[in-house]
Amino acid sequence: MFMRLHLTMTCSWTRLRPALCSLLLAAVFAQAETGEQRATDSLAATAIHGSLSAARVNTPAGPASPGAYREKLEIDLKVAQAAFDAAPDREESYIWLGRRYGYLGQYRTAIEVFTAGLRKFPNSYRLLRFRGRHLARSRQFEAAIADYELGLAKMAGQPDSFEPNGIPNSLNLTTSTYRQNLHYYLGQTCFAIADYRRMFDHLEQSRKPLVELPFDDHELAVVFWQTIALKKQSRHAEADALLNRIPEPVRILENAAYYNALLVLTGSSDEREGTAGDNLSRFALGMRRAFEGDADGARAILEAIVADNASGYWPAEVALANASAEAP
């Protein structure tokens, strides 16, 4: 039985030990250089999930960003464009211009920027990491997986480095690395093609941090997706055992979304929390219904998520498509 965890929100830089702070700051500014490898300037072959609507792909799928927040994102884009215009031969210029388009939901434009960058910097695992993420958001899952795999191949033998945050957390602290994120998003995207074994394995690989941090955000996300991967393979005992890996109390820096969703997925919270929660918690409730054998209940929840989001919600879309494909 999954015991309710005690949530501890960590919001103060002073709680980090000085030695850890020094180590983190040094790692954040360390940038790994790619080795001399065979260049490629072509976009990975794209394959949109057959059961997903092309209309979804052609619609910017970014989060709603009303008012002042959207204005800030638009200013950030202008700054990134100015930096690009001033230094069009820097890899960083392509990375940030593409990311800023992505935050505004302009994924196709972001992909074009990253692709142009890869023509100049064909060995850039960083550009591959970001293009892969935006391809996945555009429902081009096979192409995204190809980028992640190529990015990992180009990182072989190279030192890892921290990935700068596009949207700072409360401590303005960078917590994830390029290799970690390549494995994590590759694993997550394997859910879209129903390759649950590879999904689990790459998520496991993402558990190897450059520096041990006193936060559990990443672990909660990994456990959430690995639980789904195992249950999809009917490995229910292993899925239950995963929960023992979660520390108590839970230490969360950036958000509690995966914590709440995990409680819903495992039945440790009232189902009303899933029904009234955010997309991730509602998706968790839909998957829980599916694992309980309530196909109709799961479908109703997943369809409601897609209907409630103008640009769709790809995990729910994939779950619906895969459920139809798996139905007798």
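Values in this document were obtained by computation on a predicted structure and should not be read as measured data.
Classification of the Trp225-Phe283 ring pair by plane angle, with boundaries at 30° and 60°, yields tilted.
Closest approach of Pro209 to Glu212, counting heavy atoms only: CG-OE2, 3.7 Å. The shortest non-hydrogen separation linking Gly151 to Leu182 is C-CD1, 3.9 Å. The minimum heavy-atom distance between Asp278 and Ser281, with the atom names listed, is OD1-N, 2.9 Å.
Salt bridge Glu163/Arg126: absent, no basic N to carboxylate O contact under 4.0 Å. Taking 4.0 Å as the cut-off between side-chain N and carboxylate O, Lys78 and Glu74 do not count as a salt-bridged pair.
A distance of 12.0 Å separates NZ in Lys208 from CG in Asp160, rounded to the nearest 0.5 Å. Considering CG of Leu262 and CG of Leu243, their distance stands at 6.0 Å, rounded to 0.5 Å. To the nearest 0.5 Å, atom CD of residue Gln188 and atom CZ of residue Phe224 are 9.5 Å apart. The structure places CD1 of Ile246 at 8.0 Å from OG1 of Thr266, a figure rounded to the nearest 0.5 Å. Once rounded to the nearest 0.5 Å, the distance linking CD1 of Ile145 with SG of Cys190 reads 4.5 Å.
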Q | Working for side chain to side chain contact (heavy atoms under 4.5 Å, CB included), residues Met287 and Val264 | A | CA-CA 10 Å; Met287 297 306 296; Val264 173; over 6 Å; no

Q: Show the numbers, then the answer: is there a side chain to side chain contact (heavy atoms under 4.5 Å, CB included) between Phe121 and Ile95?
A: CA-CA 11 Å; Phe121 306 97; Ile95 288 173; over 6 Å; no

Q | Test side chain to side chain donor-acceptor pair (under 3.5 Å) applied to Arg245 and Gln226, step by step | A | CA-CA 12 Å; Arg245 301 186 65 161; Gln226 282 191 326; 5.1 Å; no

Q: Quick one: do Thr175 and His218 satisfy side chain to side chain donor-acceptor pair (under 3.5 Å)? Show the steps, please.
A: CA-CA 9 Å; Thr175 61; His218 183 73; over 6 Å; no

**Q.** Leu320 vs Glu303, side chain to side chain contact (heavy atoms under 4.5 Å, CB included): CA-CA, chis, key distance, verdict
**A.** CA-CA 8 Å; Leu320 287 166; Glu303 288 177 345; 3.9 Å; yes

Q) Checking salt bridge (Lys or Arg N to Asp or Glu O under 4.0 Å) for the pair Arg108/Glu112: CA distance, chi angles, key distance, verdict? A) CA-CA 6 Å; Arg108 287 187 178 273; Glu112 292 172 0; over 6 Å; no

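If you chain together hydrophobic residues whose side chains sit under 4.5 Å apart, Ile167 and Tyr101 fall into the same group. Tracing side-chain contacts under 4.5 Å through hydrophobic residues (I, L, V, M, F, W, Y), one reaches Leu104 starting from Tyr69; they form part of the same cluster. Hydrophobic cluster membership is shared by Leu173 and Val211, with clusters built from Ile, Leu, Val, Met, Phe, Trp and Tyr side chains linked at under 4.5 angstrom.
Two residues are said to be in side-chain contact when any heavy atoms from C-beta on lie closer than 4.5 Å; Ser206 and Asn181 fail this criterion. Side-chain contact check for Leu213 versus Leu253: every heavy-atom pair is 4.5 Å or farther apart. Using a 4.5 Å heavy-atom threshold, the side chains of Met199 and Lys232 count as separate. Contact check for Lys231 versus Asp240: side-chain heavy atoms found under the 4.5 Å cut-off. Residues Arg282 and Asp308 meet the side-chain proximity criterion, which asks for heavy atoms closer than 4.5 Å. Considering only heavy atoms from C-beta on, Gln140 stays 4.5 Å or farther from Arg131 through its side chain.
Between Phe114 and Tyr94, the distance separating the two ring centers is not shorter than 6.0 angstrom.
With no hydrogens or angles considered, no side-chain donor-acceptor pair links Gln205 and Asp201 at under 3.5 Å.
Checking side-chain atoms of Asn172 against main-chain N and O of Pro168 turns up no donor-acceptor pair under 3.5 Å.
Residue pairs meeting the salt bridge (charged side-chain N to carboxylate O under 4.0 Å, His left out) criterion with at least one member in residues 179-195, sequence neighbours excluded, are Asp195-Arg198. A salt bridge (charged side-chain N to carboxylate O under 4.0 Å, His left out) check over residues 220-230, counting only residues at least two apart or in different chains, returns nothing. Sequence neighbours left out, the pairs with a member in residues 95-107 that pass salt bridge (charged side-chain N to carboxylate O under 4.0 Å, His left out) are Asp76-Arg100.
Of the residues Tyr185, Tyr148, Tyr107, the one that meets the ring pair (Phe, Tyr, Trp, His ring centres under 6.0 Å) test with His134 is Tyr107.
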